[in-house]
Student: 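One structure, as structure tokens, below. Some questions next.
Each residue takes its place number in the sequence, starting with 1.
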Amino acid sequence: MTITTPHLGSPAGAWTDAQLLYALEEVVEKELNRHLKVAKDWMPHEYVPWTDGRNFPGVFEDGQAWEKEQSKVTEIGRIALVVNLLTEDNLPSYHHEIASLFGRDGAWGTWVHRWTAEEGRHGIVMRDYLLTSRAVDPDKLEEFRMSHMSEGFESDNRHSMLHSVAYVAFQELATRVSHRNTGHQSGDPVCDRMLARIATDENLHMVFYRNLLKAAFELAPDLTMMAVRDVIVNFRMPGHGMPGFERAAAQMAIGEVYNMRIHHDDVLQPVLRFLKVLEIDGLGPEGRKAQEELGLFMGGLDSEAAKFDEKLAARKARMAARAGA
């Protein structure tokens with residue numbers, strides 16, 4: 001795919017995905033080396049309360065069926081944990097997407113495989129925790145996993161390497177925030193500690209992609225601005241295709257795990273501020289148009305988030321009044 005810009009970029013004014021990959025390779029290598037220095041290996045099994053484990057029905061005669069009362073986590077914690085784990089379960093599809101876009105050779109390939117290896121821990125530790133602590137119905141969890149993975153996954157941004165970099169810069173932070181808030185709302189210190197460890201990884205992944213996005217702005221500012229606009233305006237979490245996602249997302253919004261206010265304040269704004277996206281000047285016509293549209297969208301999202309805040313506050317007041325009645 002060839003993208004044309006009348007402005008900064010390659011001397012000819014045109015970028016292909018291959019040219020952008022090559023131009024950013026040195027930045028990827030630098031960020032990879034930085035990541036490897038600050039990332040700490042950790043053992044998933046160290047975060048699992050194994051002594052809480054019991055056999056489930058099946059091949060074991062002493063198996064005990066799951067009941068909701070066995071769970072230590074809150075209702076919203078259980079909902080969010082299932083959504084977060086099913087999202088992590090699609091790692092094979094995510095790996096395929098980024099390996100196809102970024103390649104398997106050189107610094108790009110090394111990063112793709114390292115990222116996949118680190119992400120693999122998340123699904124391992126979350127599933128072990130959920131089953132050992134009996135936080136969720138194991139049969140339904142497996143049914144959801146099979147259904148979700150059987151559907152497959154295709155990124156909304158698979159058409160463009162630049163759109164993909166822009167997306168993951170925000171999505172990794174969104175995942176970090178979702179995990180961290182789930183831990184806070186879970187009601188179980190063991191769960192909170194586990195998800196804090198996962199969130200640390202996700203934050204480092206965000207930093208990698210955010211810094212890569214910064215370099216892309218320096219190389220091709222108009223194209224990168226257009227990609228960021230497209231990604232933010234059409235943003236969807238990677239788990240949007242899982243069974244019952246809309247209902248779960250609504251419950252997570254009310255439960256303050258992830259909602260419009262969190263998305264605006266804790267995910268989009270921090271990256272936009274760090275990169276000073278709305279302050280970049282020297283753009284061409286298309287870049288300026290994308291920047292203006294992005295600013296208008298962020299203003300509209302903030303207004304919508306304010307309306308949601310009001311509804312949530314009113315709901316809390318009603319519930320408090322009922323509890324005190």
Side-chain angles (χ1 to χ4, degrees), residues 47 49 52 66-88 126 129-138 140-141 144 170-171 173-200 202-203 232 235-240 242-273 297-325:
Y47 288 81
D52 291 349
W66 181 83
E67 296 178 2
K68 184 180 292 187
E69 293 71 24
Q70 298 165 358
S71 174
K72 295 179 181 178
V73 303
T74 60
E75 180 67 18
I76 186 58
R78 182 162 46 252
I79 292 168
L81 280 163
V82 170
V83 169
N84 291 353
L85 176 56
L86 292 180
T87 300
E88 299 287 354
M126 289 180 67
Y129 165 79
L130 291 179
L131 297 181
T132 302
S133 67
R134 293 186 169 242
V136 300
D137 184 335
K140 287 187 177 179
L141 183 65
F144 284 152
F170 295 100
Q171 181 269 320
L173 183 53
T175 305
R176 182 258 180 201
V177 168
S178 181
H179 281 310
R180 200 69 193 94
N181 288 344
T182 297
H184 292 328
Q185 300 287 353
S186 69
D188 181 9
V190 175
C191 179
D192 192 24
R193 189 163 54 245
M194 171 193 67
L195 291 177
R197 176 59 261 186
I198 293 175
T200 298
E202 302 290 9
N203 199 63
I232 287 181
F235 188 89
R236 295 195 296 176
M237 291 292 273
H240 62 81
M242 70 180 59
F245 178 78
E246 289 78 10
R247 176 175 171 77
Q251 291 170 307
M252 289 168 67
I254 294 172
E256 297 181 89
V257 172
Y258 201 95
N259 55 41
M260 277 191 290
R261 172 54 63 202
I262 293 170
H263 183 61
H264 178 277
D265 290 1
D266 300 339
V267 176
L268 300 184
Q269 284 285 28
V271 176
L272 292 176
R273 277 197 304 265
F297 178 83
M298 290 298 295
L301 181 61
D302 189 35
S303 297
E304 289 299 312
K307 294 176 184 177
F308 175 83
D309 292 341
E310 292 175 3
K311 292 180 180 178
L312 187 59
R315 183 178 186 277
K316 287 180 179 179
R318 289 194 303 270
M319 293 180 67
R322 291 172 188 165

Student: Quick one: side chain to side chain contact (heavy atoms under 4.5 Å, CB included) partners of Pro138, sequence neighbours excluded?
Tutor: Phe56, Trp66, Leu131
Student: Do the side chains of Leu173 and Glu202 get nearer than 4.5 Å, heavy atoms only?
Tutor: no
Student: Is the closest side-chain heavy-atom distance between Arg180 and His184 below 4.5 Å?
Tutor: yes
Student: I'd like to check the side chain to side chain contact (heavy atoms under 4.5 Å, CB included) partners of Glu256; sequence neighbours left out, ordered by chain and number.
Tutor: Gln185, Asn259, Leu312, Lys316
Student: Before giving the answer on side chain to side chain contact (heavy atoms under 4.5 Å, CB included), spell out for Met252 and Ile76 the whole-Å C-alpha distance, their side-chain angles and the decisive distance to 0.1 Å.
Tutor: CA-CA 7 Å; Met252 289 168 67; Ile76 186 58; 4.3 Å; yes
Student: If you look only at pairs with a residue in residues 242-255, which of them pass as a salt bridge (Lys or Arg N to Asp or Glu O under 4.0 Å), with sequence neighbours excluded?
Tutor: none
Student: How many angstroms lie between atom CZ of Phe308 and atom CG of Leu301, to the nearest 0.5 angstrom?
Tutor: 12.0 Å
Student: Please name all residues satisfying side chain to side chain contact (heavy atoms under 4.5 Å, CB included) with Ala249, sequence neighbours left out, ordered by chain then number.
Tutor: Phe245
Student: Residues in side-chain hydrogen bond (donor to acceptor under 3.5 Å, both in side chains) with Ser186, at least two apart?
Tutor: none
Student: In chain order, what residues pass the salt bridge (charged side-chain N to carboxylate O under 4.0 Å, His left out) check against Arg236, with sequence neighbours excluded?
Tutor: Asp156
Student: So, taking the atom named OG1 in Thr87 and the one named NE2 in His240, what distance separates them when rounded to the nearest 0.5 Å?
Tutor: 10.0 Å
Student: Among all residues two or more places apart in sequence or in another chain, which pass the side chain to side chain contact (heavy atoms under 4.5 Å, CB included) test with Glu310?
Tutor: none
Student: Nearest 0.5 Å, what's the CG-CG distance between Leu141 and Leu86?
Tutor: 6.0 Å
Student: Would you give the length of the straight line joining atom CZ of Phe235 to atom CZ of Phe170, rounded to the nearest 0.5 angstrom?
Tutor: 8.5 Å
Student: Could you check Ser133 against Val190 for side chain to side chain contact (heavy atoms under 4.5 Å, CB included), going step by step and ending with a plain yes or no?
Tutor: CA-CA 10 Å; Ser133 67; Val190 175; over 6 Å; no
Student: How far does CG of Asp302 sit from NE2 of His264, to the nearest 0.5 angstrom?
Tutor: 4.0 Å
Student: Asn181 and Val257: which non-hydrogen atoms are nearest, and at how many Å?
Tutor: ND2-O, 3.0 Å
Student: The criterion is side-chain hydrogen bond (donor to acceptor under 3.5 Å, both in side chains); which residues satisfy it with Asn203, sequence neighbours excluded?
Tutor: none
Student: In sequence, state the C-alpha distance, the side-chain angles, and the governing distance for Leu195 and Tyr47, and then conclude on side chain to side chain contact (heavy atoms under 4.5 Å, CB included).
Tutor: CA-CA 9 Å; Leu195 291 177; Tyr47 288 81; over 6 Å; no
Student: I'd like to check Arg318 versus Arg315 (side-chain heavy atoms, cut-off strictly below 4.5 Å). Are they in contact?
Tutor: yes
Student: Provide the closest heavy-atom pair for Pro49 versus Thr132 in the form atom of the first, atom of the second, distance.
Tutor: O-CG2, 2.9 Å
Student: Under a 4.0 Å N-O cut-off, is there an ion pair linking Arg261 with Asp266?
Tutor: no
Student: For the CG atom of Leu85 and the CE atom of Met126, what is their distance to the nearest 0.5 Å?
Tutor: 5.0 Å
Student: With side chain to side chain contact (heavy atoms under 4.5 Å, CB included) as the criterion, how do Ile232 and Leu272 come out once you've worked through the C-alpha distance, each side chain's angles and the decisive distance to 0.1 Å?
Tutor: CA-CA 10 Å; Ile232 287 181; Leu272 292 176; 3.9 Å; yes
Student: For Ser178, which residues count as a side-chain hydrogen bond (donor to acceptor under 3.5 Å, both in side chains) partner, sequence neighbours excluded?
Tutor: Asn84
Student: Listed by chain and number, what are the salt bridge (charged side-chain N to carboxylate O under 4.0 Å, His left out) partners of Glu75, not counting sequence neighbours?
Tutor: Lys68, Arg78
Student: Side chains of Gln269 and His263: donor-acceptor distance under 3.5 Å anywhere?
Tutor: no
Student: Test of understanding: with salt bridge (charged side-chain N to carboxylate O under 4.0 Å, His left out), list the residues that count as partners of Arg176, not counting sequence neighbours.
Tutor: none
Student: Mind checking side-chain hydrogen bond (donor to acceptor under 3.5 Å, both in side chains) for Arg134 and listing every partner two or more places apart, or none if nothing turns up?
Tutor: Gln70
Student: Are side-chain heavy atoms of Val136 and Ser71 found at a separation under 4.5 Å?
Tutor: no
